[in-house]
Amino acid sequence: MVNQSIRVEESQSRKNKPDSSELVFGRSFTDHMFVMDYSSGLGWHNPSIIPYQNLSIDPAAMIFHYGQSVFEGLKAFRTQDGDIQLFRPEKNLQRLNHSNERLVIPPIDEEFGLEAIKQLVELDKEWVPDAEGTSLYIRPFIISNEPYLGVAPSGHYKFIIIMSPVGSYYKEGINPVKIAVENKYVRAVKGGTGEAKTGGNYASSLKAQEIVEKEGYSQVLWLDGLEKKYIEEVGSMNVFFKINGEVVTPALNGSILAGITRDSVLELLRHWDISVTERRVSMQELYEAHQDGTLEEAFGSGTAAVISPIGELYWDGNHLNINEGKTGELSKKIYDTITGIQYGKIKDPFNWVVKVGKKTEVK
Ligand SMILES: *Cc1c(COP(=O)(O)O)cnc(C)c1O
């Protein structure tokens, strides 16, 4: 780091904030953004908080051609006391560097990155909505912006943080979704970039998503790229199953993205002494558990929805109905507990919450 202090240029005009009942994910953005540059000689430098604005980028910038970029997603929550808190943000910064490593992007100082997030949220704190279930979504990302068409790691990058107020994911209560198992396309393969949070993984997932949506399913269940037998993720979430009283989730295998919600679910289940294993789970096993009546619950996990129950899986002509299409008891309990901690409604025995605008306790 060349300069650890963040230059702040406050916006002279403030935007109108959308009504909390009309918040749409990722459509409106706060008054400010964080920007920091990297160049090979200087390292990361010139960290600034500036009014939210367009970027001026050379059309030859490498991001447009070869997609060398990474991103993160986390939220700030407003508690009943009006405090603002983040959920395990240090994990997002760790993962950002993990993705950076895979995409050959220079690492950022994780503590400094967290400081940048906190300062930005503090400045735009009026944008953290207070209606039930709403939050401020924070999107840190890095793009390669050296103007060069050669295929090589870029020598210039921009680290940017933007923020968007988001509405409640479950406006009409938690509703289980229908999922189609994807037998043709794959999201990622071992040795590929599935473990990294990078735009290319999303670009390559759109095709399958478009097809199943037309058929009335909300997401795809991704299978492994080699044998198309083993379950990996659901849409852009990690996935859990409750089979015969035991919770299972696919083990991180090199192509699955290590979700922070996934990690939180695992910790929570262990804290509750509920048996949970990370291992390979095949579609055949799920099918048989369904036939036996032991496939009790299924749900996706991720920052956006926290927990997204699966009510039906469509696989090779079979409609596997799970828990009569209703939200399972355990799924609901996990959802209530994690969101309870996020909004400060229940005690946080794990030290997951980080307050903004107050000194953080050293863990
Ligand atoms: C971000 C992401 C997840 C979920 O991660 P969280 O940290 O829980 O939000 C899962 N799968 C993919 C592919 C992702 O990009």
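The model shown is predicted, which means the values in this text are computed figures rather than measured ones. Quick note: residue numbers are just sequence positions, from 1. Both counts, for ligands and for their atoms, begin at 1 and track the order of listing.
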Enquirer: Of the protein's non-hydrogen atoms, which lies at the shortest distance from atom 2 (C) of ligand 1, and what is that distance?
Expert: Lys197 NZ, 2.6 Å
Enquirer: If we set the cut-off at 4.0 Å for heavy atoms, which region of Met237 has an atom near ligand 1: side chain, backbone, both, or neither?
Expert: backbone
Enquirer: Just by modelled atom types, is the Val70 backbone N or O under 3.5 Å from a matching donor or acceptor in the Asn100 side chain?
Expert: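 No; zero donor-acceptor contacts below 3.5 Å.
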Enquirer: Could you give me the CA-CA distance, side-chain angles and deciding distance for Ser255 and Val189, then say whether side chain to side chain contact (heavy atoms under 4.5 Å, CB included) is met?
Expert: CA-CA 5 Å; Ser255 52; Val189 291; 5.6 Å; no
Enquirer: So if I count the atoms of ligand 1 from 1 in the order they appear, which ones are less than 4.0 Å from some heavy atom of Arg187?
Expert: 13 (C)
Enquirer: Report the residue from Phe34, Tyr38, Phe141 that forms a ring pair (Phe, Tyr, Trp, His ring centres under 6.0 Å) with Phe159.
Expert: Phe34
Enquirer: Quick one, Leu55 and Asn145 - any side-chain contact, counting heavy atoms below 4.5 Å?
Expert: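 A side-chain contact is absent here, since even the closest heavy-atom pair is not under 4.5 Å.
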Enquirer: As an exercise, identify every atom of ligand 1 less than 4.0 angstrom from a heavy atom of Arg95.
Expert: 5 (O), 6 (P), 7 (O)
Enquirer: Of all the atoms in ligand 1, which lie at a distance below 4.0 Å from a heavy atom belonging to Ser236?
Expert: 2 (C), 3 (C), 10 (C), 11 (N), 12 (C), 14 (C)
Enquirer: To which protein heavy atom is atom 12 (C) of ligand 1 closest, and what is the distance rounded to 0.1 Å?
Expert: Glu233 OE1, 3.4 Å
Enquirer: Do me a favour and list the nearest non-hydrogen protein atom to atom 8 (O) of ligand 1 with residue, atom name and distance?
Expert: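 Nearest protein contact, heavy atoms only, for atom 8 (O) of ligand 1 is Thr261 OG1, 2.6 Å.
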Enquirer: So for ligand 1, is Gly302 a polar contact partner (N or O within less than 3.5 Å, distance only)?
Expert: no
Enquirer: Do Asn92 side-chain atoms and Gly73 backbone N/O form a donor-acceptor pair below 3.5 Å?
Expert: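 Flag set: sc Asn92 to bb Gly73 pair under 3.5 Å.
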Enquirer: Which of the atoms of ligand 1 are close to Tyr202, meaning less than 4.0 Å from one of its heavy atoms?
Expert: 14 (C), 15 (O)
Enquirer: Considering the heavy atoms of Thr303, write down every atom of ligand 1 situated less than 4.0 Å from one of them.
Expert: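 Numbered from 1, ligand 1 contributes 6 (P), 7 (O), 8 (O), 9 (O).
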Enquirer: Is a donor from one side chain sitting under 3.5 angstrom from an acceptor on the other, for Glu288 and Gln284?
Expert: yes
Enquirer: With respect to Asn253, which candidate in Glu232, Glu195, Arg279, Arg280 satisfies the side-chain hydrogen bond (donor to acceptor under 3.5 Å, both in side chains) definition?
Expert: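 Result for side-chain hydrogen bond (donor to acceptor under 3.5 Å, both in side chains) with Asn253: Glu232.
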